[in-house]
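The model shown is predicted, which means the values in this text are computed figures rather than measured ones.
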Amino acid sequence: VDAKGNEADACSQVISARKLTVADANIPPLTAFIECDEGDFADENPSPDITGWPFVQTATGFVNLGVEGAQEYCNLAAQYSDQPRIEVCPSAYKFIRSWNILNWCNPIESQIFVQIIKVGDFSAPEVTCPEVDYDWDGEPDILTYSTGPFNCTAAFAIPAPTVTDNCSDYEVSTEIVTTVQDTIYDQWGINIVDIVDVDVVVVAVDADEPQFVSGIPVGCHRFRYTVTDECGNIAVHECAFQVEDQVEPIAVCDDDLNI
């Protein structure tokens with residue numbers, strides 16, 4: 001009834017309560033992938049706080065089942081056990097987590113399900129180019145190498161990129177790549193494209209080989225770093241560099257010249 005004496009129609013709400021059944025329980029994802037840097041899993045498996053608990057939705061909110069110290073809610077309860085680990089690579093493993101959801105009022109209704117949980121390194125390494133600042137202006141400069149005094153090519157040690165990986169060792173292989181312009185012909189020798197850019201690998205150096213190269217011609221090139229971690233994740237990153245003739249000419253007198 002409001003201040004003017006107007007009276008609203010009466011209404012009613014029916015609230016029913018019943019016992020929970022196993023069908024009311026929501027199960028967590030049956031497959032869970034956990035990055036190895038999300039916690040310290042060397043000695044302990046990831047908690048269901050990470051991989052998911054079975055839960056029920058009630059009138060007051062969501063309630064997890066199986067939590068230590070509060071494994072049950074009304075007539076439902078849950079418990080789990082982990083099988084031995086299966087090693088995948090030095091930084092990854094899998095295991096099976098078996099769940100049992102119990103209905104104390106109707107034990108025959110109990111449900112068993114399994115989760116497959118994989119903890120490992122699923123991310124490729126992050127690679128950044130080596131940096132130099134030749135003019136000390138606080139800005140990175142392009143890597144530059146000079147030709148030798150006796151020929152028009154450069155010889156140098158390959159600079160290592162900066163690599164970060166969440167939890168695996170890695171190895172780096174390097175290609176020196178240059179782009180050249182070429183003409184494309186069809187099978188009858190007819191020119192079909194005048195000029196195209198073509199990447200040419202000048203030299204390739206595996207991770208276990210000496211990281212020194214020679215015979216690199218004058219021009220603009222790229223280091224193509226391929227970084228592979230222990231779990232098979234691969235990152236490819238290119239870094240520009242150039243070879244210049246920075247050797248000053250030397251004047252040589254002809255002592256036999258008489259004028």
Side-chain angles (χ1 to χ4, degrees), residues 37 121-259:
D37 58 353
D121 183 357
F122 308 114
S123 301
E126 296 182 0
V127 187
T128 56
C129 296
E131 291 188 357
V132 292
D133 186 5
Y134 296 122
D135 52 11
W136 297 90
D137 64 351
E139 297 294 330
D141 299 313
I142 185 172
L143 285 164
T144 302
Y145 301 94
S146 176
T147 57
F150 306 110
N151 55 43
C152 292
T153 62
F156 52 85
I158 297 174
T162 300
V163 180
T164 57
D165 194 83
N166 49 6
C167 45
S168 298
D169 289 334
Y170 57 85
E171 61 180 22
V172 182
S173 60
T174 308
E175 293 176 325
I176 292 180
V177 182
T178 190
T179 300
V180 298
Q181 292 185 329
D182 200 359
T183 302
I184 297 179
Y185 300 90
D186 62 16
Q187 62 268 39
W188 297 285
I190 299 175
N191 179 3
I192 57 176
V193 178
D194 286 335
I195 297 176
V196 294
D197 290 336
V198 179
D199 285 346
V200 176
V201 177
V202 179
V203 64
V205 181
D206 290 334
D208 57 352
E209 295 180 331
Q211 302 297 297
F212 188 86
V213 293
S214 59
I216 309 304
V218 172
C220 297
H221 311 284
R222 305 185 305 279
F223 293 113
R224 180 182 289 163
Y225 297 109
T226 300
V227 184
T228 307
D229 68 20
E230 289 180 310
C231 289
N233 303 302
I234 298 174
V236 179
H237 194 72
E238 293 191 350
C239 304
F241 75 95
Q242 62 186 0
V243 174
E244 297 180 341
D245 182 0
Q246 298 178 346
V247 179
E248 297 180 354
I250 300 175
V252 178
C253 295
D254 186 356
D255 293 336
D256 295 330
L257 177 64
N258 296 307
I259 300 178

Check your understanding: Is the closest side-chain heavy-atom distance between Leu143 and Cys239 below 4.5 Å?
Key -> no
| request: Could you check Val243 against His221 for side chain to side chain contact (heavy atoms under 4.5 Å, CB included), going step by step and ending with a plain yes or no? | output: CA-CA 8 Å; Val243 174; His221 311 284; 4.0 Å; yes
Between the side chain of Asp245 and the main-chain N/O of Val247, is any donor-acceptor distance below 3.5 Å? yes
- Would you say Ile158 and Tyr225 make side-chain contact, with heavy atoms under 4.5 Å? yes
When every non-hydrogen atom of Ser123 is compared with those of Asp165, the smallest separation belongs to O-OD1, 3.9 Å
If you draw a 6.0 Å radius around CD in Glu209, do more than 12 non-hydrogen atoms from other residues or ligands fall strictly inside?
-> yes
Indicate whether any N or O donor in one side chain lies under 3.5 Å from an N or O acceptor in the other, for Gln242 and Thr144. yes
Exercise. Counting only heavy atoms not in Phe212, do more than 12 fall under 6.0 Å of its CZ?
Worked result: yes
Worksheet entry | Check: Asp141 side chain, Tyr134 main-chain N or O, donor-acceptor pair, under 3.5 Å | yes
Pro217 and Val202 have their tightest heavy-atom pair at CD-CG1, 4.4 Å
**Message:** Quick check against the 3.5 Å criterion: does Asp206 have a side-chain atom that pairs as donor or acceptor with the backbone of Asp208?
**Reply:** no
Do Phe241 and Cys129 come close enough that some side-chain heavy atom pair is under 4.5 Å?
no
Quick check on Glu248: does its CD atom have over 12 non-hydrogen neighbours (other residues, nucleotides or ligands) under 6.0 Å away?
no
When every non-hydrogen atom of Ala160 is compared with those of Pro130, the smallest separation belongs to O-CB, 3.7 Å
In this structure, OH of Tyr170 is separated from SG of Cys231 (nearest 0.5 Å) by 15.0 Å
ask   = Is there a side-chain contact between Thr162 and Glu131 (heavy atoms, below 4.5 Å)?
value = no
| query | Is the backbone of Cys220 close enough, under 3.5 Å, to the side chain of Thr178 for a donor and an acceptor to pair up by distance? | reply | yes
Hey, does Thr147 have a side-chain heavy atom less than 4.5 Å from the side chain of Thr153?
no
- What is the ring orientation for Phe223 with Phe156, classed by angle as parallel under 30°, tilted 30 to 60°, or perpendicular over 60°? perpendicular
Rounded to the nearest 0.5 Å, the CZ atom of Arg224 sits from the CG atom of Asp199 at a distance of 5.5 Å
Taking C-beta and beyond as the side chain, do Thr174 and Gln211 meet within less than 4.5 Å on heavy atoms? yes
| Would you say Asp121's side chain and Glu230's backbone share a donor-acceptor pair under 3.5 angstrom? | no
What one should report as the nearest heavy-atom pair of Tyr145 and Ala157 is OH-O, 4.3 Å
What one should report as the nearest heavy-atom pair of Pro125 and Ala235 is O-CB, 3.2 Å
Exercise. Looking only at atom types and distance, does a side-chain atom of Asp133 sit under 3.5 Å from a main-chain N or O of Gly138, one as donor and one as acceptor?
Worked result: yes
